[in-house]
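Below is one structure, written out as structure tokens, with a few remarks after it.
Counting begins at 1 with the first residue of the sequence. When a ligand or atom number is given, it counts from 1 through the structure's own listing order.
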Amino acid sequence: MPTIIPLADARASSQREALDRFVRAAAQGARASGALADTRGRPLRDLRISVTDRCNFRCVYCMPKEIYDANHEFLPRAELLTFEEITRLARIFVDQGVTKLRLTGGEPLLRRNIERLVEMLARLGNIDLTLTTNGALLAKKAPSLRDAGLTRVTVSLDSLDDATFRRMNDVDFPVAKVLAAIDAAAAAGLAPVKVNMVVKRGTNEASIVPMARHFKGSGHIVRYIEYMDVGATNGWRMDDVVPAGEIVRAIDAELPLEPADPNYTGEVAERWRYRDGGGEIGIIASVTQAFCRDCTRARLSTDGKLYTCLFATAGFDLRALLRDGSGDGAIGNAIAAIWRQRADRYSEIRTENTARVPKVEMSYIGG
Ligand code: SF4
């Protein structure tokens, strides 16, 4: 059976203890001056916060049913960061240069009273506050999320074909409900909605062009994501990847495209717009065109560990600092020290061999 982090090994390992010692030492240290950048000169700009490791879908590439079955142990409630802890950490991250916060999971809308957390984070001031969801609960919650201060929303949708979509989410959830949720989000003022489609060879590549056609002219932005080796449970192989170039060619043949400039340095999606003015799509080519060079993203797990890469094997325990009485300055020092020694560039060095190395699961760390 594949290794699942973090429930067994990461917390007990000597690597874990070494990381914890590092965080504590950093928290005591004097704060270095100057702009915060990692070993490759990348600033810290984005923080993705996983608010739950639970999900109501069992997508085959993320939380496959065989692993996440009735016997799977999710994190107990006491392990989760509270809303107050999340907000305090977020404020410290903002002080370190973060300008964008994204709530993820698991499925973030499963976290009870998530609107209250949104409201607390929105009060931090001038930040881009977004959320990624599978859409199952979005139609009901979109107005209250907007009222709480959410800026935008990203919805995961892997196919417009109902049978394919039900097979991929593996809980028989109908595509029509996700489409209704996207409409509800737009109506609530969370537009433009970004629609993320993970493309897996032999599974949903036939949905590439229909997805483009459906959302063209709607104002929403479909983003095609190359299938990645996240976690240790999805059995990734290079043959499963539909390369970005192939995705663009397939759409361009029917709906002519032209490249568009990035909105900002470090934008994950490569932008393409329809030549007839019908809007744009994005391509996230993290396998065939790695974008580590401009990666400014950190991730905070459900239980308060800081990960500096989606493909990390271990995180830094910030919750321990929150709960041992450390002050904001000490926690800021620790975050800065962690970021300054960051050298991650997994997508630049990925092979089928690295894909087999156990990594944290995406449902725990956030996508
Ligand atoms: S592999 Fe890691 S460093 Fe590279 S872009 Fe992804 S998250 Fe950033």
Side-chain angles (χ1 to χ4, degrees), residues 5-6 10 15 19 36-50 61-62 93 96-106 128 130 132 154 156 194 196-199 223-234 236-238 240-241 243-244 262-271 282-302 305-316 318 335-367:
I5 295 173
Q15 184 187 20
L19 291 173
L36 181 58
D38 70 8
T39 60
R40 306 179 87 205
R42 299 169 294 190
L44 172 57
R45 289 280 178 267
D46 311 66
L47 180 65
R48 298 185 176 204
I49 304 170
S50 176
Y61 54 82
C62 184
F93 272 96
Q96 295 292 340
V98 163
T99 56
K100 182 171 170 184
L101 299 174
R102 175 176 296 279
L103 300 180
T104 71
D128 190 13
T130 69
T132 298
T154 297
S156 303
K194 288 183 179 161
N196 279 358
M197 172 181 172
V198 173
V199 185
R223 305 189 320 162
Y224 297 89
I225 303 174
E226 288 179 344
Y227 181 61
M228 288 183 283
D229 51 323
V230 287
T233 53
N234 78 358
W236 181 89
R237 296 172 313 134
M238 193 65 197
D240 295 330
V241 179
N263 287 314
Y264 53 88
T265 307
E267 187 170 27
V268 171
E270 186 181 281
R271 296 174 64 213
I283 305 284
I284 302 182
S286 57
V287 176
T288 62
Q289 297 161 38
F291 39 77
C292 301
R293 199 184 51 199
D294 293 322
C295 179
T296 57
R297 290 177 296 286
R299 292 176 161 81
L300 186 63
S301 69
T302 318
K305 298 208 173 60
L306 172 61
Y307 290 84
T308 56
C309 178
L310 176 57
F311 301 93
T313 52
F316 301 85
L318 298 183
I335 292 168
I338 292 163
W339 193 260
R340 285 200 171 89
Q341 55 127 45
R342 174 186 191 242
D344 300 294
R345 57 183 195 101
Y346 178 82
S347 287
E348 292 179 355
I349 56 171
R350 171 190 288 109
T351 65
E352 292 212 348
N353 286 334
T354 64
R356 282 195 280 273
V357 173
K359 309 177 210 70
V360 284
E361 294 300 331
M362 191 161 68
S363 51
Y364 160 76
I365 193 180

Flag for Ser156-Asn196: side-chain donor and acceptor within less than 3.5 Å: no
Per-atom contacts, ligand 1 versus Phe311 - under 4.0 Å to a heavy atom: 1 (S)
Ligand-residue contact atoms, ligand 1 with Cys309, heavy atoms, under 4.0 Å: 1 (S), 2 (Fe), 3 (S), 7 (S)
Leu44 vs Thr296 side-chain heavy atoms within contact, under 4.5 Å: no
Taking atom 8 (Fe) of ligand 1 as the reference point, the nearest protein heavy atom with its distance: Cys295 SG, 2.4 Å
Atoms in ligand 1 with a heavy atom of Cys292 nearer than 4.0 Å: 1 (S), 3 (S), 4 (Fe), 5 (S)
CZ/Arg40: more than 12 non-hydrogen atoms of other groups inside 6.0 Å: yes
Atom indices of ligand 1 within 4.0 angstrom of Asp344 heavy atoms, with elements: 3 (S)
Numbered atoms and elements of ligand 1 in range of Phe291, under 4.0 angstrom, heavy atoms: 5 (S)
Proximal ligand 1 atoms for Arg297, defined as those under 4.0 Å from one of its heavy atoms: 5 (S), 8 (Fe)
Donor + acceptor pair across side chains of Ser301, Ser50 (<3.5 Å): no
Check against side-chain hydrogen bond (donor to acceptor under 3.5 Å, both in side chains), Arg297 and Thr308: CA-CA 7 Å; Arg297 290 177 296 286; Thr308 56; over 6 Å; no
Subset of ligand 1 atoms that lie under 4.0 Å from at least one heavy atom of Ser347: 1 (S)
Test item: Glu267 and Phe291 side chains (from C-beta on) under 4.5 Å apart, heavy atoms: no
Protein residue, atom and distance nearest to atom 7 (S) of ligand 1, heavy-atom basis: Leu310 N, 3.3 Å
Any donor-acceptor N or O pair under 3.5 Å, side chains Thr154, Arg102: yes
Which of the ligand 1 atoms, numbered from 1, are nearer than 4.0 Å to a heavy atom of Tyr346: 1 (S)
